[in-house]
A.B. asks: 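Encoded as structure tokens, here's the structure I'll be asking about.
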Amino acid sequence: MITGFFDWLRDPVNWSGIDGIPNRLIEHIGYSVLALILAAAIGIPLGLYIGHTGKGKFLVAGLANAFRALPTLGLVILAAIIVGPLLPGDAAYLVPSIFVLVVLAVPPILATTYAGVEGVDEAARDAAYGMGMTGGQVLFKIETPCALPLMMSGIRSAMLQIVSTATIAAVVSLGGLGRFVLDGLANQQYQVMLGGAILVALLAVAFELVLAFVQWLLVPRGLSKRTGRRDLVAETAAESDVKEEELVAAR
């Protein structure tokens with residue numbers, strides 16, 4: 001099977017046309033990015049509001065637990081059966097699939113955003129109010145930057161969920177890399193199925209690396225524990241000074 005996978009990968013036929021790897025890869029990326037943007041547009045504002053005001057905390061635990069228990073494949077098929085006939089053309093399978101991806105991606109983004117805001121040190125929050133900041137300024141200048149590490153971890157987790165679920169959504173005629181897995185299984189072409197699964201795994205790793213880099217860029221240095229060269233030099237010098245003072249004191 002491994003040899004057949006490499007033969008399938010090297011075959012030029014699989015790199016062109018609507019069923020080719022590049023087109024399927026672009027479809028999978030498009031569905032995943034669209035679903036993540038929609039989920040973030042719902043989960044982040046809601047998480048910030050709940051974390052800042054403390055209102056609606058039951059939604060966080062309730063939604064997170066409820067959506068974790070949902071059977072992914074069954075939800076995709078059910079959405080396609082209910083919503084699909086109401087929509088024309090490609091929207092009949094695209095909208096239900098994206099809806100399911102968003103539903104599954106919102107809970108981790110919502111939960112981590114809420115946890116990040118709620119976990120902000122009360123002293124920092126009180127100091128901001130003491131300086132005359134309004135509630136909105138405290139939210140966006142203090143709480144949101146402090147919550148960014150947890151928020152980004154939720155977004156990364158949601159993206160992994162989306163990439164894997166988009167593969168399953170191919171059962172309702174959604175394109176993407178999941179077509180290779182399903183078509184390979186249906187036609188007993190296991191090298192194709194293996195190829196699709198490996199491409200999905202590689203795409204998930206690529207998204208994880210990209211989002212990790214985005215997190216590295218967005219999260220303030222003091223919160224991400226990043227240490228630059230200058231900081232290392234300063235820390236080393238400070239440690240040397242401390243040691244010298246200890247030696248002098250010992251003498």
Side-chain angles (χ1 to χ4, degrees), residues 33-68 102-162 207-249:
V33 172
L34 175 61
L36 182 68
I37 291 174
L38 294 176
I42 297 171
I44 291 178
L46 192 57
L48 290 176
Y49 174 79
I50 296 174
H52 179 69
T53 63
K55 299 178 181 177
K57 292 182 179 179
F58 66 95
L59 280 177
V60 179
L63 286 177
N65 293 330
F67 285 110
R68 281 174 188 166
V102 172
V103 166
L104 295 174
V106 165
I109 296 176
L110 170 63
T112 53
T113 303
Y114 159 73
V117 174
E118 191 190 43
V120 173
D121 192 341
E122 283 297 331
R125 196 176 283 128
D126 291 342
Y129 280 117
M131 294 172 62
M133 287 188 178
T134 64
Q137 288 174 324
V138 172
L139 174 61
F140 293 110
K141 292 185 177 181
I142 304 297
E143 293 174 334
T144 301
C146 291
L148 269 177
L150 270 180
M151 289 169 60
M152 286 304 302
S153 70
I155 290 173
R156 290 163 65 179
S157 175
M159 180 51 98
L160 293 179
Q161 177 82 39
I162 289 171
F207 271 126
E208 175 65 13
L209 292 176
V210 170
L211 290 174
F213 179 67
V214 172
Q215 179 174 347
W216 184 82
L217 290 176
L218 293 180
V219 176
R221 177 168 297 183
L223 297 175
S224 65
K225 299 180 181 179
R226 277 188 287 158
T227 304
R229 185 177 177 182
R230 292 181 179 179
D231 298 325
L232 285 173
V233 173
E235 288 179 4
T236 304
E239 289 176 359
S240 300
D241 293 341
V242 170
K243 290 179 180 178
E244 288 180 3
E245 291 175 358
E246 290 176 351
L247 287 174
V248 171

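Counting begins at 1 with the first residue of the sequence.
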A.B. asks: Name every donor-acceptor pair, under 3.5 Å, that has one atom in a side chain of residues 145-158 and the other anywhere in the protein, sequence neighbours excluded.
C.D. replies:
residue	atom	partner	partner atom	Å
S153	OG	L150	O	2.6
R156	NE	E208	OE2	3.0
R156	NH1	Q215	OE1	2.6
R156	NH2	E208	OE2	2.4

A.B. asks: How would you list all residue pairs meeting salt bridge (charged side-chain N to carboxylate O under 4.0 Å, His left out) that involve residues 112-121, not counting sequence neighbours?
C.D. replies: K57-E118
A.B. asks: Could you measure the distance from the CD1 atom of I142 to the CE atom of M133? Nearest 0.5 Å is fine.
C.D. replies: 4.5 Å
A.B. asks: Suppose the criterion is salt bridge (charged side-chain N to carboxylate O under 4.0 Å, His left out): which pairs have a residue in residues 129-138, not counting sequence neighbours?
C.D. replies: none
A.B. asks: Name every donor-acceptor pair, under 3.5 Å, that has one atom in a side chain of residues 36-53 and the other anywhere in the protein, sequence neighbours excluded.
C.D. replies:
residue	atom	partner	partner atom	Å
H52	ND1	E143	OE1	2.7
T53	OG1	Y49	O	2.7
T53	OG1	K55	N	3.2

A.B. asks: Output every pair passing salt bridge (charged side-chain N to carboxylate O under 4.0 Å, His left out) with a member in residues 42-53, not counting sequence neighbours, ordered by first then second residue.
C.D. replies: none
A.B. asks: Between L104 and I162, does the side-chain contact (heavy atoms from CB on, under 4.5 Å) criterion hold? Intermediate values first, please.
C.D. replies: CA-CA 8 Å; L104 295 174; I162 289 171; over 6 Å; no
A.B. asks: Check whether any side-chain heavy atom of V117 lies under 4.5 Å from a side-chain heavy atom of T144, and answer yes or no.
C.D. replies: no
